[in-house]
Protein chains: 2
Amino acid sequence: MEELFSVEYFMRKALDEAYAAFEKDEVPVGAIIVSKNKIIAKGHNLTQTLTDVTAHAEMQAITSAASYLGSKYLPECTLYVTLEPCVMCAGALYWSQIGKVVIGAGDEKRGFQNAGISLHPKTEIHFGILEHECSDLVREFFRAKR
Amino acid sequence: MEELFSVEYFMRKALDEAYAAFEKDEVPVGAIIVSKNKIIAKGHNLTQTLTDVTAHAEMQAITSAASYLGSKYLPECTLYVTLEPCVMCAGALYWSQIGKVVIGAGDEKRGFQNAGISLHPKTEIHFGILEHECSDLVREFFRAKR
């Protein structure tokens, strides 16, 4: 059993969000934001449902966390996201000055790292938490589409 | 007098949005989106007012235009924005596949070009429309802050 409040525990909560996106026929990416071991925001990709390219999981979670905290900066927060953020989301994370970003699977094609983008210098980054489950879900989604 | 529906005409509408941001003590950036010579979306920076780092002028205009058209892709649209988009907004513009982006003033420090980011290969880019008015407004804002 996973330890309570471990990185795997929180990544599984982000995966729950990704599954919710999958159920809606959205590219299955999920995100949560944690502050002091409490989940203060959740989001999953809704670009199709909302007809809005900006409705990525991370964007919604950032907006929601800032609203909850009453602060647009999130230095005490950790984002858990099942897939490596794209350039747009990395730009938003930069502006938010978020304390930590924990990523499930990498995204070679659309991820911010191969695009040469950096997050805020104060942001810690961890890769590869529940990597296979996170990437399998995306792969399964696109396989079903073909 | 400016010609109706010229790039200067539309950039002045974006500048009106930037002035609206200035009035609210927000970094004065404004954007509009035009389709078939009709303004279908407007936005100005509201990051302070909404406590949300994602509330840039361009992001709001993209969301609003997509909602108006019922399509998350904007290949027939032109964005007019008073300041060069940041990495986040450039990422959103990439996803939107917008047809054209017309920029007032460049932003050496935070603009997408110096960050090495490209828009969608199908997106035309024009720089320097009403450049001085656009940059003067930003400069005036930060001078007043010091």
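To find a chain, count down the sequence lines: A is the first, B the second, and so on, and within it residues start at 1.
Closest of all the heavy-atom pairs between A:Lys42 and A:Ile32 is CG-CG2, 4.0 Å. What you find for B:Ala21 and B:Asn45 is that their closest heavy atoms are CB-O, 3.8 Å. Contact detail for A:Ile103 and A:Pro85: the closest heavy-atom pair is CD1-CD, 3.8 Å.
Put simply, CG on A:Leu130 and OH on A:Tyr80 are 11.0 Å apart, with the number rounded to the nearest 0.5 Å.
Of the listed residues (A:Ala55, A:Ser96, A:Cys89), the greatest number of heavy-atom pairs within a distance under 4.5 Å of chain B belongs to A:Ser96. Interface check for chain A: of the options B:Leu69, B:Asp52, B:Thr47, B:Leu50, the most heavy-atom pairs under 4.5 Å are formed by B:Asp52.
Contact annotation for B:Ala90: neither backbone nor side-chain heavy atoms come within less than 4.5 Å of a heavy atom of chain A. The contact between B:Thr51 and chain A is made by backbone and side chain atoms together, counting heavy-atom distances below 4.5 Å. Contacts between A:Thr63 and chain B at a heavy-atom distance below 4.5 Å involve backbone atoms as well as side-chain atoms.
Here side-chain hydrogen bond (donor to acceptor under 3.5 Å, both in side chains) pairs that include residues 104-118 of chain B, with residues two or more places apart or in two chains, are A:Tyr94-B:Arg110.
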